Amino acid sequence: MKTLVIVDLQNDFINGGSLEVPGGESIIEPINVVIKNYDLVLATKDWHPKDHVSFASNHKNKNIGDIININGLDQVLWPDHCVQNTFGSDFPKSLNISNVKKVIHKGSEKHIDSYSGFFDNGKIKSTGLSDYLRKKKIKKIDYVGLATDYCLKYTAIDSISEGFKTRVLVHCIRGIDKKSSELALNEMKSKGVELI
Ligand code: VGL
Ligand code: ZN
């Protein structure tokens, strides 16, 4: 079964969103095209409570972009984004979601962030994505979405470590920062992700 996972393609990550990824909206149409080639389409959603630890606004005397340490993990502080059940966490209207079979929510626990669609950043809790794919006997997964240097990267790398043959469609991804996106592509490649 040809399987596609769309990572965090949500209003807050595209033009006008609170954590806008440069050119994020430009991948919507290419995704609407490639989606037709897949038998199974899943999507992840960044899905934060208002009081989430990753929001700079929830820390005194901290700014967006600061890095703090929480229980031994580095945490980048972001603008408030993808708050549960808000416009910012919705899929963009122009994304064709009619074939999306299941949505995997992540980052919904107040005290820990989750860049990967498989596990939180401490690898403590699974989102259930691996089990879902294994039950369906899926062996190969293609990925598209946002952001190259954060959630897309961590999702693809965990996909490899979970044993799935993993490909990323590079014309259907965008990153927050140019340099870190280049590094992310190299890191994915070195871990066995196929970039196509
Ligand atoms: C993301 C930063 C914070 C992403 C999510 O989807 O790449 N980045 N939360
Ligand atoms: Zn987030």
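Being a predicted model, the structure only gives us computed values, none of them experimental. Starting from 1, each residue takes its place in the sequence as its number. In each ligand, atom 1 is the first atom listed, and ligand 1 is the first ligand listed.
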Notebook entry, point to check: Going by heavy atoms in the side chains, are Phe55 and His81 under 4.5 Å from each other?
Noted result: yes
Taking distance alone, with N or O pairs closer than 3.5 Å, would you say [X] contacts ligand 1?
X      : answer
Asp46  : yes
Asp8   : yes
Asp113 : no
Ile176 : no

Notebook entry, point to check: Quick check: does Cys82 have an N/O/S atom under 2.8 Å of the Zn ion (ligand 2)?
Noted result: no
Next item on the list: Report yes or no: does His48 have an N/O/S atom closer than 2.8 Å to the Zn ion (ligand 2)?
Entry: yes
Next item on the list: Establish, for the pair Lys140 and Phe164, whether the NZ or CZ atom is under 6.0 angstrom from the six-membered ring centre and no further than 45 degrees off its axis.
Entry: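 No, Lys140 does not lie over the aromatic ring of Phe164.
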Under a 4.0 Å threshold between the charged nitrogen and the carboxylate oxygen, would [Y] count as salt-bridged to [X]?
X      : Y      : result
Lys179 : Asp149 : no
Arg167 : Asp142 : yes
Lys123 : Asp158 : yes

Notebook entry, point to check: Could a heavy atom of Gln10 be found less than 4.0 Å from some atom of ligand 1?
Noted result: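 Flag not set, Gln10 not near ligand 1.
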Checklist line | Shortest protein heavy-atom distance from atom 1 (C) of ligand 1, along with the residue and atom involved | finding: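 Here the nearest protein heavy atom works out to Cys151 SG, 3.2 Å.
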Checklist line | For atom 8 (N) of ligand 1, closest protein heavy-atom neighbour | finding: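 Going atom by atom, the protein heavy atom closest to atom 8 (N) of ligand 1 ends up being Tyr150 CB, 3.8 Å.
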Note to self: With carbon and hydrogen excluded and only N/O/S kept, which atom of Asp46 is nearest the Zn ion (ligand 2)?
What the structure shows: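 The closest N, O or S atom of Asp46 to the Zn ion (ligand 2) is OD2.
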Notebook entry, point to check: Should the proximity of Leu146 to ligand 1, defined as any heavy atom under 4.0 Å, be assigned to the side chain, the backbone, both, or neither?
Noted result: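 Leu146 to ligand 1: backbone contact only, side chain stays beyond 4.0 Å.
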Margin query: If we ignore hydrogens and angles and just use 3.5 Å, is the side chain of Ser161 paired with the main-chain N or O of Ser159 as donor and acceptor?
Written below: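 Side chain of Ser161 to backbone of Ser159, a donor-acceptor pair under 3.5 Å: no, none is there.
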Next item on the list: Mark yes or no for whether Ser54, through its side chain, and Asp113, through its backbone, hold a donor-acceptor pair below 3.5 Å.
Entry: no
Next item on the list: Please indicate whether His111 has more than 12 foreign heavy atoms, meaning atoms of other residues, nucleotides or ligands, lying under 6.0 Å from its NE2.
Entry: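 12 or below, so no.
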